[in-house]
Amino acid sequence: QETRTQIEFLLSRIQFKVRSIMSIKQKLFTGFGFLILLCVLQGGFALKEVNELGQLTKTTYDKYLMTINFSRSAQSTFLKADVMLMTALRAPKTLKNSETLENFVETAESVAEDLDVVRERTVKKRSLDQITKVLTLNAAWTKTATAELTALSGDNKTHANIEELEKSL
């Protein structure tokens with residue numbers, strides 16, 4: 001108890017000396033100086049937070065949203081290639097035109113390009129594994145379909161052979 005009383009007495013004497021030593025002008029300058037210092041610190045903190053928010057936005061756009069967009073693009077392009085393949089199988093005479101096969105190959109390659117972008121921008125290992133599997137399956141599908149369409153364009157296959165081909169693809 002006595003020690004506490006002594007500490008309080010010393011603190012009150014220090015405060016008294018500071019009050020008597022500093023003029024009102026010095027006290028105002030000191031007070032405003034502290035306010036300016038606090039504003040500068042708060043501004044620095046705000047800039048740091050805005051920078052972090054910008055980085056978060058950039059990451060969200062460049063990684064997650066672009067992954068979603070290119071995945072959907074790959075899916076729709078694959079469906080387009082599948083429709084082109086089924087159309088060619090149902091009307092083999094269209095394969096006499098070399099553009100039909102070229103358009104199919106170009107569309108199928110576009111699927112792989114979109115999936116490559118997805119692989120570059122994905123973050124999770126599980127997603128990378130799935131994309132690698134899909135790329136492998138897409139390459140095999142494209143190779144098989146292209147080979148069969150090329151063979152179909154040169155031969156006069158029967159309707160039964162074309163149905164078997166449709167089932168295998």
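Quick caveat, the model's predicted, so the values are computed rather than measured.
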### Task
Step through the shown structure and confirm whether more than 12 heavy atoms of other residues, nucleotides or ligands are within 6.0 Å of CD on Q130.
yes

Rounded to the nearest 0.5 Å, what separates atom [atom1] in [X] from atom [atom2] in [Y]?
X	Y	atom1	atom2	result
K124	D129	NZ	CG	13.0 Å
I131	E120	CD1	CD	10.5 Å
R121	F70	CZ	CZ	6.5 Å
N138	K143	CG	NZ	13.5 Å
L101	T150	CG	OG1	4.5 Å

I'd like to know if the side chain of [X] reaches the main chain of [Y], judged simply by a donor and an acceptor atom lying under 3.5 Å from each other, with no hydrogens or angles considered.
X	Y	answer
R119	T132	no
S110	E106	no
T122	V118	no

### Query
Hey, quick one: are V117 and L65 part of the same hydrophobic cluster, counting side-chain heavy atoms closer than 4.5 Å, chains of contacts allowed?
yes

### Message
Are Y64 and M66 linked, directly or through intermediate hydrophobic residues, by side-chain heavy-atom contacts shorter than 4.5 Å (ILVMFWY only)?
### Response
no

Kindly indicate whether the side chain of [X], heavy atoms from C-beta on, has any atom under 4.5 Å from the side chain of [Y].
X	Y	result
L128	V123	no
T107	F78	no
T77	D114	yes

Tabulate below the donor-acceptor pairs under 3.5 Å that side-chain atoms of residues 37-49 make, not counting sequence neighbours, or state none.
| unit_1 | atom_1 | unit_2 | atom_2 | d |
| --- | --- | --- | --- | --- |
| K48 | NZ | E52 | OE2 | 3.1 |

#### Entry: Partners meeting salt bridge (charged side-chain N to carboxylate O under 4.0 Å, His left out) with K133 (sequence neighbours left out)
none

### From T100, L85, V105, residue fulfilling side-chain contact (heavy atoms from CB on, under 4.5 Å) relative to L149
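Checked T100, L85, V105 against L149; only one passes side-chain contact (heavy atoms from CB on, under 4.5 Å): L85.
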
#### Entry: Considering all heavy atoms, the nearest A108-A81 contact
N-CB, 4.4 Å

